Amino acid sequence: MSQSSPSPASSSAPAAHGASAGALFEPTRVGAIEVANRLVMAPLTRNRSPGAIPLPITATYYTQRATAGLLITEATAISQQGQGYADVPGLYGTEQLDGWKRVTQSVHEAGGKIVVQLWHVGRVSHVALQEDGQAPVAPSAIAAKAKTYIIEDGKGHFVETSTPRALDASELPGIVQDFRRAARNAIASGFDGVEIHAANGYLLDQFLKSGSNRRTDDYGGSIENRARLLLEVARAIADDIGGDRTGIRLSPVTPANDVHEPEPQPLFEHVVRELAPLGLAYIHVIEGATGGARALDDRPFDYDALKAAYRTAGGKAAWMVNNGYHKADAEEAVASGRADLVAFGKPFIANPDLVRRLREDAPLNTPDQSTFYGGGEHGYTDYPTLPETETA
């Protein structure tokens, strides 16, 4: 549950390699999805879906931002077990799907494209959010030094996560099936595709990283074993709905939710090489610490080498970068070919017309942090757009 860093408007940097300085605003193809520009709205948890059901104001919120080339929804639980925060949406019940159908229909009527982020939080949960007060699940019974958001006596607040139990290997095919079913539900609900959430210290990332995975079976120990569950999920979804409608989010070095991997480079290069044959729509990479610095002295990582490993293995997915980008370095990333898409987080919260504001170098609204998590329309659907000006 995290927000991307604010991105102030700024003038463009010179385009690299002679590419257009306006490349950020040019249309492109993301797998099977035609998008109007390279600006992506990053997934942003907002805690406004009581009962895990998206409300009508959720449709308003996303539709206001439909000028983004691609909208990625807030993280959405694939099952009750996958829930980790109060009032976040799900994709496993009829009322939840009906709520999402309102969202996708409205976004499409506005000319937008939208994918849903599929989420299992693993150990980043609390017994109050689990069925019958059961312990959350994880690769290993190691508590996360992290907080989650629950509602007690009608008020939302952050609490320490509960100690999880280790998943038995016999349970893992069921989790793969939950991801597959959620992807099917997404397409049936009108989404243009899905994003597998394998980042930020949630379940799939917990399996990947040795700090949270101490297993001694086929899902622990070696790089190949720790990557097994993520790859099983990705293959199942790509096989079911098509790789060209499937994206995946990775965060090689973020410390979010108390995850750590001492050797991330070989781990993530293995992951992307194995993803290459699936024909995915995009790879979404959080560079550095989620919501923090893009370069970490204590966790160095070569993102160019990661992309090269993917391309060398034959991967053709669009490459999406994320974390604190502003207009100048976003344009440089696209113009230079380092990225095909750039995701923006907090700026989209406060600026429903962010694409226009960046194109015109207009000032940005400042997000009200007190309204990020929970509440109603205030701080959600009431941010102003630029005044419309009459043209001759």
Side-chain angles (χ1 to χ4, degrees), residues 23-43 62 65-73 75-76 78 91 100 103-104 107-108 111-119 179-199 204 230-251 268 271-286 303 306-322 330 333-334 337-344 355:
L24 188 62
F25 303 100
E26 293 173 357
T28 190
R29 189 176 184 88
V30 182
I33 309 168
E34 298 280 355
V35 299
N37 55 67
R38 315 299 184 93
L39 285 153
V40 176
M41 178 176 164
Y62 284 110
R65 291 152 179 81
T67 54
L70 185 66
L71 301 169
I72 307 174
T73 72
T76 300
I78 61 169
L91 201 58
W100 280 125
V103 174
T104 59
V107 167
H108 289 151
K113 301 295 173 66
I114 184 168
V115 301
V116 60
Q117 188 184 65
L118 304 181
W119 198 22
F179 271 100
R180 184 199 293 267
R181 187 181 301 110
R184 282 185 196 159
N185 286 342
I187 299 303
S189 300
F191 283 103
D192 296 292
V194 305
E195 176 178 287
I196 301 165
H197 197 347
L204 298 179
L230 180 154
L231 295 172
E232 288 177 348
V233 167
R235 290 166 185 150
I237 291 176
D239 180 64
D240 204 297
I241 69 167
D244 59 357
R245 294 196 179 276
T246 305
I248 192 165
R249 192 184 210 199
L250 305 171
S251 57
F268 281 88
V271 168
V272 298
R273 283 194 296 266
E274 292 297 311
L275 292 173
L278 301 185
L280 298 183
Y282 65 85
I283 308 286
H284 179 178
V285 180
I286 300 173
Y303 296 99
L306 181 70
K307 184 182 178 188
Y310 178 69
R311 296 291 188 228
T312 300
K316 295 179 168 42
W319 197 262
M320 185 188 304
V321 296
N322 183 342
V334 172
R338 188 171 64 80
D340 303 298
L341 305 161
V342 182
F344 288 76
V355 175

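Numbering of residues begins at 1 and proceeds along the displayed sequence. Keep in mind it's a predicted model, so treat the numbers as computed, not measured.
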### Message
Could you walk me through whether V285 and L306 satisfy the side chain to side chain contact (heavy atoms under 4.5 Å, CB included) test, starting with their C-alpha distance in whole Å, then the side-chain angles of each, then the deciding distance to 0.1 Å, before giving a yes or no?
### Response
CA-CA 10 Å; V285 180; L306 181 70; 4.3 Å; yes
#### Entry: ring-ring contact (aromatic ring centres under 6.0 Å, His included) involving F191 - partner list, sequence neighbours excluded
W100
For [X] and [Y], which heavy atoms make the closest approach, and how far apart are they?
{"X": "T67", "Y": "N37", "value": "O-ND2, 2.9 Å"}
{"X": "A182", "Y": "L91", "value": "O-CD2, 3.3 Å"}
{"X": "A309", "Y": "V272", "value": "CB-CG2, 4.2 Å"}
{"X": "A186", "Y": "V194", "value": "CB-CG1, 3.6 Å"}
{"X": "Q117", "Y": "P43", "value": "NE2-CG, 3.3 Å"}
{"X": "N322", "Y": "A42", "value": "ND2-CB, 3.8 Å"}

#### Entry: side-chain contact (heavy atoms from CB on, under 4.5 Å) partners for A313, two or more places apart
R273, A276
### Query
For T28, what residues pass the side-chain contact (heavy atoms from CB on, under 4.5 Å) criterion, not counting sequence neighbours?
V30, V35, R38, L341
Atom [atom1] of [X] and atom [atom2] of [Y]: how far apart are they, to the nearest 0.5 Å?
{"X": "I72", "Y": "M320", "atom1": "CD1", "atom2": "CE", "result": "4.0 Å"}
{"X": "I283", "Y": "Y310", "atom1": "CD1", "atom2": "OH", "result": "4.5 Å"}
{"X": "L250", "Y": "I286", "atom1": "CG", "atom2": "CD1", "result": "8.5 Å"}
{"X": "L71", "Y": "R65", "atom1": "CG", "atom2": "CZ", "result": "9.5 Å"}
{"X": "R249", "Y": "Y282", "atom1": "CZ", "atom2": "OH", "result": "9.0 Å"}

### Query
Side chains of Y303 and V321: does their closest heavy-atom pair fall under 4.5 Å?
no
### Query
Is the shortest heavy-atom distance from the side chain of I248 to the side chain of V271 under 4.5 Å?
no
#### Entry: Whether T104 side chain and S189 backbone form a donor-acceptor pair below 3.5 Å
yes
### Message
I'd like to know if the side chain of T246 and the backbone of L280 have a donor-acceptor N/O pair within less than 3.5 Å.
### Response
no
Return all side-chain donor-acceptor pairs below 3.5 angstrom for residues 232-239, not counting sequence neighbours, or 'none' if the list is empty.
from : atom 1 : to   : atom 2 : distance (Å)
E232 : OE1    : Y219 : OH     : 3.0
E232 : OE2    : Y219 : OH     : 3.0
R235 : NH2    : E274 : OE1    : 3.1

### Task
If a pair satisfies salt bridge (Lys or Arg N to Asp or Glu O under 4.0 Å) and one of its residues is in residues 182-199, list it, with sequence neighbours excluded.
R184-D240
### Summary of salt bridge (Lys or Arg N to Asp or Glu O under 4.0 Å) pairs that have at least one residue in residues 308-321, sequence neighbours excluded
R311-D340
### Query
So H197 and W119, would you call those rings parallel, tilted or perpendicular, with 30° and 60° as cut-offs?
parallel
### Task
Show your reasoning for whether side chain to side chain contact (heavy atoms under 4.5 Å, CB included) applies to I114 and M41.
CA-CA 9 Å; I114 184 168; M41 178 176 164; over 6 Å; no
### Message
Run R245 and I33 through side chain to side chain contact (heavy atoms under 4.5 Å, CB included) and show every step you take.
### Response
CA-CA 7 Å; R245 294 196 179 276; I33 309 168; 4.1 Å; yes
